[in-house]
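Encoded as structure tokens, the structure appears first; notes follow it.
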Amino acid sequence: DARVTQTPRHKVTEMGQEVTMRCQPILGHNTVFWYRQTMMQGLELLAYFRNRAPLDDSGMPKDRFSAEMPDATLATLKIQPSEPRDSAVYFCASGPRLAENTGELFFGEGSRLTVL
Amino acid sequence: DQQVKQNSPSLSVQEGRISILNCDYTNSMFDYFLWYKKYPAEGPTFLISISSIKDKNEDGRFTVFLNKSAKHLSLHIVPSQPGDSAVYFCAAKYDAGNNRKLIWGLGTSLAVNP
């Protein structure tokens, strides 16, 4: 059963610490997305990759956030330094090529981040 | 400015009855509309979609209706079951050059009571 895998599922850290979240997209999917879910903003797009190349990171605070795909099986989202306002659930999603036309994505279970 | 709006944060219906979830949008460039379902502590899962060139799409108990003139879509669940209790997100896609943009509503929490 193919699925998007995210680690860690939960992370509690102190302000100023570095946080790295990892995602393994579904094999064969060529698009990968990082979303942040908050109560007030809903699902916000942070980064979007196609064939490992970043296409859109306009929603990501560039001063502290970075997203990469070192290879086709791994996407990372890093926050350095973390702040309490970064507390949220971070979702990774992947999609096959056709999904770029239809918007159908497969989501991981999310990484819940709490920054104290 | 929210381009995709789900004005009802929550909805409660009786098992066996119809659930109707609504979504309004403002951008005429959206070419696909989707509904995702989310259970607590899980990621959203795709439920059903509709192309902007259609006005209805049906999949089992789920039907999505699109009214382009009103910039409104709705998801009908008939009959509703307790397992349908979840948060439902409306999303809309448009092409921005080489990028595909997916814009999300804030969600509607559906409770189906036995």
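Quick note: numbers below take in every heavy atom, side chains included, and nothing from hydrogens, waters or symmetry partners.
Counting heavy atoms of neighbouring residues, nucleotides and ligands inside a 6.0 Å radius, atom CZ of A/Arg97 does not exceed 12 of them. Summarising the local packing, CZ of B/Arg61 is surrounded by more than 12 heavy atoms from other residues, nucleotides or ligands at distances under 6.0 Å. A 6.0 Å sphere centred on CD of A/Glu14 holds no more than 12 heavy atoms belonging to other residues, nucleotides or ligands.
The same ILVMFWY cluster, assembled from side-chain heavy atoms under 4.5 Å apart, contains both B/Leu73 and B/Phe62. B/Met29 and B/Leu66 fall within a single hydrophobic cluster, where Ile, Leu, Val, Met, Phe, Trp and Tyr side chains are chained together by heavy-atom contacts under 4.5 Å. Residues B/Tyr25 and B/Leu106 do not share a hydrophobic cluster, clusters being chains of Ile/Leu/Val/Met/Phe/Trp/Tyr side chains in contact below 4.5 Å. Connection of B/Leu34 to A/Leu45 is established within a shared hydrophobic cluster, with ILVMFWY side chains joined at heavy-atom distances below 4.5 Å, either directly or through further cluster members. Residues B/Phe33 and B/Val4 share a hydrophobic cluster, clusters being chains of Ile/Leu/Val/Met/Phe/Trp/Tyr side chains in contact below 4.5 Å.
When heavy atoms are compared at a cutoff of 4.5 Å, B/Thr45 does not approach chain A at all. For a residue to count as touching a neighbouring chain, one of its non-hydrogen atoms must lie under 4.5 Å from one of that chain's; by this rule A/Gln37 touches chain B with the side chain only. The contact between A/Tyr35 and chain B is made entirely by side chain atoms (from C-beta outward), counting heavy-atom distances below 4.5 Å. Heavy atoms closer than 4.5 Å to chain A are found in the side chain of B/Phe89, but not in its backbone.
Scanning residues 58-87 of chain A against chain B with a 4.5 Å non-hydrogen threshold yields A/Ser58, sorted by number. Near-neighbour residues of residues 25-33 of chain A relative to chain B, defined by a heavy atom under 4.5 Å from a heavy atom of that chain, are none. Listed by sequence position, A/Phe107, A/Gly108, A/Glu109 are the residues of residues 107-116 of chain A in contact with chain B, using a 4.5 angstrom heavy-atom cutoff.
Contacts classified as salt bridge (Lys or Arg N to Asp or Glu O under 4.0 Å) and involving residues 86-96 of chain B (residues at least two apart or in different chains) are given here: B/Asp31-B/Lys93, B/Lys93-B/Asp95, B/Asp95-B/Arg100.
No other option in A/Gln6, A/Glu104, A/Arg50, A/Arg9 has as many heavy-atom pairs under 4.5 Å with chain B as A/Glu104.
Taking each heavy atom of A/Leu43 and B/Pro44 in turn, the nearest pair found is CD1-CG, 4.3 Å. Taking both residues in full, the closest heavy atoms of A/Leu105 and B/Tyr36 are given as N-OH, 2.7 Å, listed atom of the first, atom of the second, then distance.
Separation of atoms OG1 (A/Thr102) and CZ (B/Phe46) is listed at 7.0 Å; rounding is to 0.5 Å.
Under the 3.5 Å distance criterion, the side-chain polar atoms of A/Tyr48 are left unmatched by any main-chain donor or acceptor of B/Lys101.
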**Message:** Run the side-chain contact (heavy atoms from CB on, under 4.5 Å) test on A/Phe91 and B/Lys38 for me, step by step, so that the C-alpha distance in whole Å, both residues' side-chain angles and the decisive distance to 0.1 Å come before the verdict.
**Reply:** CA-CA 12 Å; A/Phe91 288 104; B/Lys38 185 183 179 306; 3.5 Å; yes
